[in-house]
Amino acid sequence: MLVEPRSGLLAAWGNALLAGLVSPDEAALAIVGEDTVHRVDGLPGEAGPVGLTLALGRLRGLGATGFRVALPVPGHPLGLSGPPDFNARALEAEEAVVAYGVPYGLVPEVTEAGPAGDLHVEVVWRVLPVREAPPADVPSLGEAERELAEALRDATAVLSRLDVAGSGPVADAAVDAYRARAERGREVLAPGYPPRAVRVLEMAQRVGLLVSVAYENGHGGAVSASEIAARGEALRPVERVARRAQVAAYNAYVEGGEVRR
């Protein structure tokens, strides 16, 4: 949750490229990140996989005017608009990118090889037809910001009452450590996104980390089955809100009509 999803990087830097704020090479480098290589397969007019710079240029030539993100999970098709084949593949990957202006979407297929510390990661983005329709359950930035504030307050109160790790100093230390790592050489979103989108994404990432810490640090003081169930009930909706906010932040370019130059 706290690491930017590959679909978020592709959409954000793809949007910055379309706006003329970064070069194709800059966009490709940011999208690949710490992976070894990214390829795009299934582009109209291409017989096989091609590199990101060529793929983004091809999509722009076909009429793409922006990119948005989908982060679906079982029971919550967040950001999807069909058809069923694309939705199924996106759900399996738990992420996807949908182009505006052309009826295509991209779903990442990730292959990893090698030992820890020397991992070789290759990503193939499968280009598939999509239905041009409003995406499912994506809030506006304003709605996402309000929902995050409410969800964080409610979840923190419940977790504190249950004495769950993740609602106090342990979580704060984890957040500080994450932010120190993340802020070295990393720009939140891509050039041109409005400050409110950056703020919403940072808050969504913080909320996501609190949820992760709560899940990963045992049962804390919640020792009974009913208390553990109560913790799960508290975490599920806030996790959903954080994902909705993430999508709203990444999609601010296409929803707002333009990236600020």
Hey, are the side chains of V97 and W125 touching, using non-hydrogen atoms and a 4.5 Å cut-off?
-> yes
Under 3.5 Å side-chain donor-acceptor pair for Y100 and E132 | no
For the hydrophobic clusters of this structure (ILVMFWY residues joined by side-chain heavy atoms under 4.5 Å, transitively), does one cluster hold both V241 and V200?
-> yes
Smallest heavy-atom separation, A252 atom then L141 atom, equals CB-CD1, 3.8 Å
Got a list of side-chain donor-acceptor pairs under 3.5 Å for residues 86-95, not counting sequence neighbours?
unit_1: N87; atom_1: OD1; unit_2: G82; atom_2: N; d: 3.1
unit_1: E95; atom_1: OE1; unit_2: R6; atom_2: N; d: 3.3
unit_1: E95; atom_1: OE1; unit_2: S7; atom_2: N; d: 2.6
unit_1: E95; atom_1: OE1; unit_2: S7; atom_2: OG; d: 2.8

Evaluate side-chain hydrogen bond (donor to acceptor under 3.5 Å, both in side chains) for Y193 paired with N15, printing each intermediate quantity in order.
-> CA-CA 9 Å; Y193 270 79; N15 286 330; 2.9 Å; yes
May I ask whether V110 and V127 are part of the same hydrophobic cluster, defined by side-chain heavy atoms of I, L, V, M, F, W, Y residues being less than 4.5 angstrom apart, directly or through others?
-> yes
Least distance between heavy atoms, D41 atom then P49 atom | OD1-N, 3.5 Å
Side chains of T53 and D25: closer than 4.5 Å at any heavy-atom pair?
-> yes
ILVMFWY network linking L80 to F67, side-chain heavy atoms under 4.5 angstrom = no
What's the spacing between D137 CG and R243 CZ if we round to 0.5 Å?
-> 8.5 Å
4.5 Å side-chain heavy-atom contact, L52 and L10 = yes
Smallest heavy-atom separation, A16 atom then A190 atom, equals CB-CB, 4.0 Å
Are the side chains of S81 and R68 in touch, meaning some heavy atoms are under 4.5 Å apart?
-> yes
Side-chain heavy atoms of L29 within contact of W13, under 4.5 Å | no
Passes side-chain contact (heavy atoms from CB on, under 4.5 Å), L54 versus V40? Steps please.
-> CA-CA 9 Å; L54 176 58; V40 180; over 6 Å; no
Say whether V107 and L59 are linked into one hydrophobic cluster, either directly or through other cluster members, by side-chain heavy-atom distances under 4.5 angstrom.
-> no
Flag the pair L43 / Y104 as yes when at least one side-chain heavy-atom distance between them is below 4.5 Å, and no otherwise.
-> no
Rounded distance (nearest 0.5 Å) linking atom CZ of R206 with atom CE of M203 = 9.0 Å
Does S140 offer a backbone N or O that forms a donor-acceptor pair with the side chain of E143 under 3.5 Å?
-> yes
N251 side chain near V69 side chain, heavy-atom distance below 4.5 Å = yes
Polar side chain donor-acceptor pair, H76 to R244, under 3.5 angstrom = no
Would V130 end up clustered with Y253 when hydrophobic side chains under 4.5 Å apart are linked, directly or stepwise?
-> no
Report yes if some heavy atom in the side chain of L78 is under 4.5 Å from a heavy atom in the side chain of V138; otherwise report no.
-> yes
Heavy-atom pair of closest approach, residues A242 and V207 | CB-CG1, 4.0 Å
Shortest non-hydrogen pair, R60 vs L17, comes out as NH1-O, 3.7 Å
Kindly give the heavy-atom pair with the smallest separation between L201 and E4, and that separation in Å.
-> CD2-OE1, 4.2 Å
